[in-house]
**Student:** 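Input: one structure, supplied below.
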Amino acid sequence: MLNNKYLSIILTAVLTLTLAGCRKQKYSGEQSPGTGSEAGQVTWYVPENPNYNTLKAKASLSISNLSLLGGVKANVSVAVGRALMISLQPLLGIEMYRVTCTQDSIIFIDKMTRSYVAEPYKYFTDKNFNLNYEMIEGLLCNRYFDPLKDNYKSMTVKSQGTDSVFHCQAPNYYVEFFVQKTINRTLFSTNDGTEYVLADYNAFQTTDGYTFPMAAVCSLSSKKLSFSTNINFESVEFNHDVTITSNIPSGYKKSIFETLLK
């Protein structure tokens, strides 16, 4: 059985990947006119994000320096721009932990102890870092995101052949996307470097007309979290219906994040 120390690391790992309305909702994978372009077009010279509505994937997670958690199986469901869910199955394909990221919050369900943690994003970082849903979805799905909703007004571009670097230096933060034909690296940090998210992507594969990285190394450092994890996607599907559950099971006891660190 995994103790609380390992549970906390699983939770922090999933935060890179994702109390809103607590419910189960099914999202359609069918295309709708205009979907994708409005959310993806952060400014005129940044390429538009792929226009899929949903993503379903099977993956494995490996946490640095913890062989016990090497290759933890996970099912990933994403309704682009709305919510995502990670179902963790450390033993025999049985879900024991679940993380749901909504527009407002992160909800962690621990079926082992019949408990849950539900906190808004601001709980994990300070105002200059601004961890939010768009950032988590962007890192997990290899998409552009606009962390502080300022449309990258001062972003500049450096191009060398097919490689481009989009970066912005603001009073309180720095953001950079390294682009070849795809986003190969994403970095967002406070200017002092104390809080950041970082992702490097590789093993790109084209499925259903969409190019997606089948492997990534993601890191996060904030006032409450610090970790690095390898993510390997075993399969991905686009525009299939997904069901994302944000309800808290009856009888589960509310916990706080700090208890997971003990």
**Student:** Would you call Ser228 and Val217 a side-chain contact if the rule is heavy atoms closer than 4.5 Å?
**Tutor:**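 Yes. Closest side-chain heavy atoms under 4.5 Å.
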
**Student:** Is there a side-chain contact between Thr102 and Arg82 in this structure, where contact means two heavy atoms from C-beta onward sitting under 4.5 Å apart?
**Tutor:**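 The answer is no; the side chains never approach within 4.5 Å.
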
**Student:** Taking all non-hydrogen atoms of both residues into account, name the closest pair between Ile244 and Ala79 and its distance.
**Tutor:**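 In terms of heavy atoms, the two residues are closest at CD1-N, 3.7 Å.
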
**Student:** Can you tell whether the side chains of Lys73 and Glu234 come within less than 4.0 Å, N to carboxylate O?
**Tutor:**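 Looking at Lys73 and Glu234, the cut-off is met.
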
**Student:** Quick one: pull up CD1 in Ile106 and CG in Leu131 and give me the separation to the nearest 0.5 Å.
**Tutor:**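 Going from the CD1 atom of Ile106 to the CG atom of Leu131 covers 5.5 Å.
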
**Student:** Quick one: pull up OG in Ser60 and CD in Gln89 and give me the separation to the nearest 0.5 Å.
**Tutor:**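 One finds 12.0 Å between OG of Ser60 and CD of Gln89.
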
**Student:** Judged by modelled atom types alone, do Asn184 and Thr182 share a side-chain donor-acceptor pair under 3.5 Å?
**Tutor:**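 Side chains of Asn184 and Thr182: pair found under 3.5 Å.
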
**Student:** For Leu84 and Leu140: C-alpha separation, side-chain torsions, deciding distance, then whether side chain to side chain contact (heavy atoms under 4.5 Å, CB included) applies.
**Tutor:** CA-CA 10 Å; Leu84 65 86; Leu140 179 63; 4.2 Å; yes

**Student:** Which heavy atom of Tyr201 sits nearest a heavy atom of Thr186, and at what distance?
**Tutor:**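 Between these two residues, the closest heavy atoms are CE1-OG1, 4.0 Å.
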
**Student:** About how many Å separate CD1 of Ile86 and CD of Glu95, when rounded to the nearest 0.5 Å?
**Tutor:**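 Between Glu95 CD and Ile86 CD1, I get 11.0 Å after rounding to 0.5 Å.
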
**Student:** In Å and rounded to the nearest 0.5 Å, what is the OG1 to OH distance from Thr190 to Tyr196?
**Tutor:**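 Here the interatomic distance stands at 10.5 Å.
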
**Student:** Can you see which heavy atom on Ile107 is nearest to which on Ser246, and at what distance?
**Tutor:**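 Shortest heavy-atom separation between Ile107 and Ser246 comes out as CD1-O, 3.6 Å.
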
**Student:** Kindly give the heavy-atom pair with the smallest separation between Val242 and Val78, and that separation in Å.
**Tutor:**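 Heavy-atom minimum between the residues: CG2-O, 4.0 Å.
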
**Student:** Please round to the nearest 0.5 Å and tell me the distance separating atom CG of Asp200 and atom CZ of Phe178.
**Tutor:**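 Interatomic distance, Asp200 CG to Phe178 CZ, rounded to 0.5 Å: 10.0 Å.
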
**Student:** Would you check if the side chain of Tyr121 reaches a backbone N or O of Ser105 as a donor-acceptor pair within less than 3.5 Å?
**Tutor:**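 Yes; judged by distance alone, with no hydrogens or angles, the pair exists.
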
**Student:** OG1/Thr54 to NZ/Lys56 distance, rounded to the nearest 0.5 angstrom?
**Tutor:**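 Spacing of OG1 (Thr54) from NZ (Lys56) equals 8.0 Å.
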
**Student:** For the residue pair Phe238 and Tyr52, does the interplanar ring angle fall in the parallel (under 30°), tilted (30 to 60°) or perpendicular (over 60°) class?
**Tutor:**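 Rings of Phe238 and Tyr52: tilted, as their planes differ by 30° to 60°.
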
**Student:** So does Thr245 get a backbone contact from the side chain of Thr100, meaning a donor-acceptor N/O pair under 3.5 Å?
**Tutor:**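 Confirmed, Thr100 side chain pairs with Thr245 backbone.
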
**Student:** Would you indicate whether the side-chain heavy atoms of Leu55 and Val236 approach each other to under 4.5 Å?
**Tutor:**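 Side chain of Val236 against side chain of Leu55, heavy atoms only: contact under 4.5 Å found.
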
**Student:** Might you work through the ring-ring contact (aromatic ring centres under 6.0 Å, His included) test for Phe177 and Tyr144, ending with a clear yes or no?
**Tutor:** CA-CA 8 Å; Phe177 295 102; Tyr144 294 96; 5.0 Å; yes

**Student:** Would Phe212 and Phe204 count as a ring-ring contact (aromatic ring centres under 6.0 Å, His included) if you check the C-alpha gap in whole Å, the side-chain angles of each, and the deciding distance to 0.1 Å?
**Tutor:** CA-CA 5 Å; Phe212 191 83; Phe204 286 87; 8.2 Å; no

**Student:** List the steps, then state whether side chain to side chain contact (heavy atoms under 4.5 Å, CB included) holds for Gln205 with Thr211.
**Tutor:** CA-CA 5 Å; Gln205 175 178 300; Thr211 301; over 6 Å; no

**Student:** Please examine the side chains of Val99 and Tyr97, heavy atoms only from C-beta on, and report whether any two atoms are closer than 4.5 Å.
**Tutor:**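 With C-beta onward as the side chain, the pair stays apart.
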
**Student:** Tell me whether the guanidinium CZ or amine NZ of Arg143 lies under 6.0 angstrom from the six-membered ring centre of Tyr210 and within 45° of its axis.
**Tutor:**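 Not satisfied by the 6.0 Å and 45° rule.
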
**Student:** Please find the pair of heavy atoms, one from Gly81 and one from Tyr133, that lie closest to each other, and give the distance.
**Tutor:**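 Between these two residues, the closest heavy atoms are C-CE2, 4.0 Å.
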
**Student:** Report the C-alpha separation of Asp192 and Thr194 in whole Å, then their side-chain angles, then the decisive distance to 0.1 Å, and conclude whether the side-chain hydrogen bond (donor to acceptor under 3.5 Å, both in side chains) test is met.
**Tutor:** CA-CA 6 Å; Asp192 61 11; Thr194 58; 2.8 Å; yes

**Student:** Donor-acceptor pair, Tyr116 side chain versus Ser255 backbone, under 3.5 Å?
**Tutor:**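 No, because the side chain of Tyr116 does not come within donor-acceptor range (under 3.5 Å) of the backbone of Ser255.
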
**Student:** Run the numbers on Asn53 and Val80 for side chain to side chain contact (heavy atoms under 4.5 Å, CB included), then give the verdict.
**Tutor:** CA-CA 5 Å; Asn53 284 346; Val80 175; 5.7 Å; no

**Student:** If I compare all heavy atoms of Val197 with all of Leu220, which pair ends up nearest, and what's the gap?
**Tutor:**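 In terms of heavy atoms, the two residues are closest at CG1-CD1, 3.7 Å.
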
**Student:** Whether the side chain of Thr206 engages the backbone of Gly209 through a donor-acceptor N/O pair (distance < 3.5 Å, no angle test) should be reported.
**Tutor:**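 A pair under 3.5 Å: no.
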
**Student:** Working note: Phe188 + Tyr174, criterion side chain to side chain contact (heavy atoms under 4.5 Å, CB included); need CA distance, chi angles, decisive distance, verdict.
**Tutor:** CA-CA 6 Å; Phe188 174 69; Tyr174 175 84; over 6 Å; no

